[in-house]
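Notes follow once the structure below has been shown.
Here is the naming used below: chain letters follow the sequence lines, and residue numbers restart at 1 for every chain. If you're wondering where the values come from, they're calculated on a predicted model, not measured in any experiment.
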Number of protein chains: 2
Amino acid sequence: MAVFEEIAALDRLIHEPARLAILTALSACHSADFLFLQRLTGLTKGNLSSHLSKLEEAGLVKIEKQFVGKVPNTQASLTARGRAAIERHWQRLETLRSDAQRWKPS
Amino acid sequence: MAVFEEIAALDRLIHEPARLAILTALSACHSADFLFLQRLTGLTKGNLSSHLSKLEEAGLVKIEKQFVGKVPNTQASLTARGRAAIERHWQRLETLRSDAQRWKPS
DNA sequence: GAAGACTAGTTTGTAATGCAAACCTAATTA
DNA sequence: TAATTAGGTTTGCATTACAAACTAGTCTTC
């Protein structure tokens, strides 16, 4: 597949800005609770919640709910697949960009 | 704004895979006709058409329709703003990635 | 010269998306 | 005990992105 085709076919689950931010943040944090993640990404609770659910369904993120004292607390972390996927996505972007720069019309 | 917030706030008009592909292809081609662009990106005519319209409305792409002999022909090229925008977007991605890699939880 | 096929797109219909606002449950504060 | 805050989830809606259907005109073939 040619470079521009590959760009057009990027996985939107990961590429979408909010989820790209979540996954990238988690890859730097190892584990983060809901509110910390919300502050980091600037997302509203509603959006963060639904994006996390989507990432969890896709098997990229693990969600663990616990009580800290009496207060519910949600921890999110990357699964092995999630970690691989976000790393690969950034690498792909880098590669695609440089391939595109080298490309000449034929 | 912190790095993950910036990722989450990436301009979706440009970031969307199909349009990222179109803009990137145009930045390498200087000018391209509809069918050439379609082959490059692998998009269907319908999608290419509507994405081009959206990019034109946003002032990133210039569309010129002409007749080549008797056959209608559509040429697309980047406007100055479009060229700046796609270049800046890729640079931002690069910067954001490396900022994210350097980032440590505080 | 009419029927069909092809070219070069645009418009339409629909399902999925992302967002914010409303909602929920429990804990804390006044 | 009434209001406020914490920590989220669900709902409703407007926007999207896609493919399929359509349009307008050209070329081929008989």
Side-chain angles (χ1 to χ4, degrees), chain A residues 4-26 29 31-58 60-77, chain B residues 4-26 29 31-58 60-77:
Chain A
F4 304 111
E5 268 182 274
E6 291 197 41
I7 295 176
L10 284 168
D11 181 358
R12 198 179 307 241
L13 178 71
I14 295 170
H15 193 63
E16 199 279 328
R19 288 187 295 262
L20 193 61
I22 293 170
L23 292 172
T24 304
L26 287 178
C29 282
S31 172
D33 84 353
F34 190 94
L35 291 179
F36 183 58
L37 215 43
Q38 197 199 341
R39 274 199 308 281
L40 279 186
T41 59
L43 296 168
T44 62
K45 289 164 196 266
N47 289 338
L48 179 54
S49 176
S50 61
H51 284 305
L52 281 176
S53 297
K54 207 157 288 190
L55 291 169
E56 187 186 20
E57 280 167 40
L60 302 181
V61 161
K62 186 174 59 170
I63 303 294
E64 284 171 305
K65 284 161 195 300
Q66 52 177 349
F67 279 84
V68 174
K70 298 175 174 178
V71 177
N73 177 268
T74 300
Q75 290 279 329
S77 59
Chain B
F4 304 112
E5 268 182 274
E6 289 197 41
I7 295 176
L10 283 168
D11 181 357
R12 196 179 313 244
L13 178 71
I14 296 171
H15 193 63
E16 197 281 328
R19 287 188 295 262
L20 193 61
I22 293 170
L23 293 172
T24 304
L26 286 178
C29 282
S31 173
D33 84 353
F34 190 94
L35 291 179
F36 182 59
L37 215 43
Q38 197 198 341
R39 276 200 307 282
L40 280 185
T41 58
L43 296 168
T44 62
K45 290 163 197 266
N47 289 338
L48 179 54
S49 177
S50 61
H51 284 304
L52 280 177
S53 297
K54 206 157 288 191
L55 291 170
E56 188 187 18
E57 280 168 41
L60 302 181
V61 161
K62 185 175 59 171
I63 303 294
E64 284 172 306
K65 283 160 194 302
Q66 52 177 350
F67 278 85
V68 174
K70 297 176 175 177
V71 177
N73 176 268
T74 300
Q75 289 280 329
S77 59

To the side chain of F34(A), which of dT26(D), dG8(D), dA17(D) is closest?
dG8(D)

Heavy-atom check, side chain of [X] versus side chain of [Y], under 4.5 Å:
{"X": "L43(A)", "Y": "I22(A)", "answer": "yes"}
{"X": "L37(A)", "Y": "L52(A)", "answer": "yes"}
{"X": "L23(A)", "Y": "V61(A)", "answer": "yes"}
{"X": "E64(A)", "Y": "N73(A)", "answer": "no"}

How close or far is atom [atom2] of [N] from atom [atom1] of [X], stated in whole angstroms?
{"X": "N73(B)", "N": "dA24(D)", "atom1": "CG", "atom2": "C1'", "answer": "16 Å"}
{"X": "E56(A)", "N": "dT9(D)", "atom1": "CD", "atom2": "P", "answer": "9 Å"}
{"X": "I14(A)", "N": "dG18(C)", "atom1": "CD1", "atom2": "P", "answer": "13 Å"}
{"X": "Q66(B)", "N": "dT7(C)", "atom1": "CD", "atom2": "P", "answer": "19 Å"}
{"X": "I63(A)", "N": "dG8(D)", "atom1": "CD1", "atom2": "P", "answer": "10 Å"}
{"X": "E16(A)", "N": "dG18(C)", "atom1": "CD", "atom2": "C1'", "answer": "7 Å"}
{"X": "L13(A)", "N": "dA16(C)", "atom1": "CG", "atom2": "C1'", "answer": "13 Å"}
{"X": "I22(B)", "N": "dA17(D)", "atom1": "CD1", "atom2": "C1'", "answer": "12 Å"}

If only side-chain N and O atoms of [X] are considered, is one of them under 4.0 Å from the OP1 or OP2 phosphate oxygen of [N]?
{"X": "K65(B)", "N": "dT10(C)", "value": "yes"}
{"X": "H51(B)", "N": "dT16(D)", "value": "no"}
{"X": "R12(B)", "N": "dT15(D)", "value": "no"}

With distance as the sole test, does T24(B) use its side chain to make a donor-acceptor pair with the main-chain N or O of A21(B) at under 3.5 Å?
no

Assuming nearest nucleotide by heavy-atom distance, tell me which of R19(A) and V71(A) is located more 5' along DNA chain C.
R19(A)

What heavy-atom pair brings L10(A) and H15(A) nearest, and what distance separates the two atoms?
CD1-CE1, 3.8 Å

For DNA chain D, the residues among residues 35-50 of chain B that have a non-hydrogen atom under 4.0 Å from it:
T44(B), G46(B), N47(B)

Spacing of I7(B) atom CD1 and R19(A) atom CZ [to the nearest 0.5 Å]
14.0 Å

